[in-house]
Amino acid sequence: MSRTSSDSPASLLRRMYRTLADVYGQQHWWPAQTPLEVIVGAYLTQNTSWRAVEKSICNLETNNTLNLSGLRAISEEDLRILIRPSGFMQRKAAALKAFIAFLDCEYGGSITLLAMQETETIRKQLLALPSVGPETADAILLYALGHPVMVVDEYLRRLTTRHDLIHGKARYAEVQQLALHAFTEDDLGNRVQHYNEFHALVVELGKRHCRREPRCDGCPLSEPAYNPPSGDDYKSKRLRRVAAKK
């Protein structure tokens, strides 16, 4: 089956999700034992590899600091030393301490109480904290707090732009809306699980194939069904769509 000009970007993305799930299987994300560990990992993974994050997490566990009381008690200077493998330790240590202070002040130190709030309320509060952008906030909402929020990262941006599902200058919210539309027909109760798996599968694809320099050989999405069709009619429609975004 080949891709045609009538295929919507959202429907194609949904098909890609099914293919990736068939090829890679369930990913069991986020790799953490507790919601707090997810939150810490979401901060530490900024601008670094997960392997580096795992080293920092191990340091925190070894020093009995991967818990609320430990993160409260440790000095920012000592915290920097423990998370050094993740890089940017000064900024990340300050950001983690700011999150703990926020949690204590607003929710009595209870992640459970935080998770009970409305999604948009939590998102606004998280985005107001130091070093928290949309991706970090949404990762915390989805993986730590169980809210139905789509996480957009560089891997998803590469996937959607390289397959011409969205224009190359699309902002975070635009890519997020495209991904959300791919799951509009799914039951609300299942969306957290779908968003979780979708993001994890895109990351797996990104690590294997959709790198900064793409490695398309063997990619499960390299089939004609997922790639832009040729032809003047398709190109004309694509140009009109891009022009409409400007």
Could you walk me through whether L201 and Q27 pass the side chain to side chain contact (heavy atoms under 4.5 Å, CB included) check?
-> CA-CA 7 Å; L201 287 164; Q27 297 298 294; 3.7 Å; yes
Between [X] (side chain) and [Y] (backbone), is there a donor-acceptor pair under 3.5 Å?
X: Y226; Y: H163; result: no
X: T160; Y: R157; result: yes
X: E37; Y: Q33; result: yes
X: H147; Y: A115; result: yes
X: Y24; Y: L205; result: no
X: T62; Y: C58; result: yes
X: T121; Y: Q117; result: no
X: R208; Y: C219; result: no
X: T184; Y: H181; result: yes

Examine the side chains of [X] and [Y] and answer whether a donor and an acceptor come within less than 3.5 Å of each other.
X: Y107; Y: Q125; result: yes
X: R171; Y: Q176; result: no
X: H199; Y: Y155; result: no
X: Q46; Y: S131; result: no
X: Y43; Y: S86; result: no

If you round to the nearest 0.5 Å, how far is [atom2] of [Y] from [atom1] of [X]?
X: I122; Y: I140; atom1: CD1; atom2: CD1; result: 10.5 Å
X: E154; Y: C210; atom1: CD; atom2: SG; result: 9.0 Å
X: T136; Y: D153; atom1: OG1; atom2: CG; result: 11.0 Å
X: T119; Y: L141; atom1: OG1; atom2: CG; result: 6.0 Å
X: E135; Y: T45; atom1: CD; atom2: OG1; result: 8.0 Å
X: S11; Y: M16; atom1: OG; atom2: CE; result: 9.5 Å

Distance-only donor-acceptor hits, side chain of residues 67-83, under 3.5 Å, sequence neighbours excluded:
from, atom 1, to, atom 2, distance (Å)
N67, OD1, S69, N, 3.4
N67, OD1, S69, OG, 2.8
N67, OD1, G70, N, 2.6
N67, ND2, N64, O, 3.3
N67, ND2, N64, OD1, 3.4
R72, NE, D104, OD1, 3.1
R72, NE, D104, OD2, 2.8
R72, NH2, D104, OD1, 2.9
S75, OG, D78, N, 3.1
S75, OG, D78, OD2, 3.2

Taking the side chain as every heavy atom from C-beta outward, state whether [X] and [Y] have any pair of such atoms under 4.5 Å apart.
X: M116; Y: S110; value: no
X: K92; Y: L44; value: yes
X: N196; Y: W30; value: no
X: L159; Y: L221; value: yes
X: R211; Y: E213; value: no
X: T65; Y: N59; value: no
X: L165; Y: L12; value: yes
X: F99; Y: I39; value: yes

Can you see which heavy atom on [X] is nearest to which on [Y], and at what distance?
X: L127; Y: P134; value: CD2-N, 3.6 Å
X: L114; Y: L103; value: CD2-CD1, 4.0 Å
X: A137; Y: L126; value: O-CD1, 3.8 Å
X: W50; Y: G41; value: CZ3-O, 4.0 Å
X: N47; Y: R91; value: ND2-NH2, 3.5 Å
X: T48; Y: A52; value: OG1-CB, 3.5 Å

Y17 six-ring centre to R14 NZ/CZ under 6.0 Å and within 45° of normal |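 Here R14 fails the 6.0 Å and 45° test against Y17.
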Looking at [X], I'd like to know if its [atom1] atom is crowded, meaning that more than 12 non-hydrogen atoms belonging to other residues, nucleotides or ligands lie closer than 6.0 Å.
X: R212; atom1: CZ; answer: no
X: D217; atom1: CG; answer: no
X: Q26; atom1: CD; answer: yes

Can you list the steps and then say if F198 with L156 is a side chain to side chain contact (heavy atoms under 4.5 Å, CB included)?
-> CA-CA 10 Å; F198 175 72; L156 181 57; 3.7 Å; yes
May I have the step-by-step check of side chain to side chain contact (heavy atoms under 4.5 Å, CB included) for D138 and Y172, ending in yes or no?
-> CA-CA 11 Å; D138 290 341; Y172 186 98; 2.7 Å; yes
Evaluation steps, side chain to side chain contact (heavy atoms under 4.5 Å, CB included), between F183 and N190 = CA-CA 10 Å; F183 294 90; N190 296 327; over 6 Å; no
Ion pair E120/K124, N-O distance below 4.0 Å =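 Looking at E120 and K124, the cut-off is not met.
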Is the shortest distance from a Lys or Arg side-chain nitrogen in K207 or E204 to a carboxylate oxygen in the other one below 4.0 Å?
-> yes
Return the set of residues passing salt bridge (Lys or Arg N to Asp or Glu O under 4.0 Å) with K55 (not counting sequence neighbours), or none when no residue passes.
->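 By the salt bridge (Lys or Arg N to Asp or Glu O under 4.0 Å) rule, K55 matches no residue at all.
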same_hphob_cluster(F88, L96) at 4.5 Å side-chain heavy-atom cutoff |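 No: no chain of side-chain contacts under 4.5 Å links F88 to L96.
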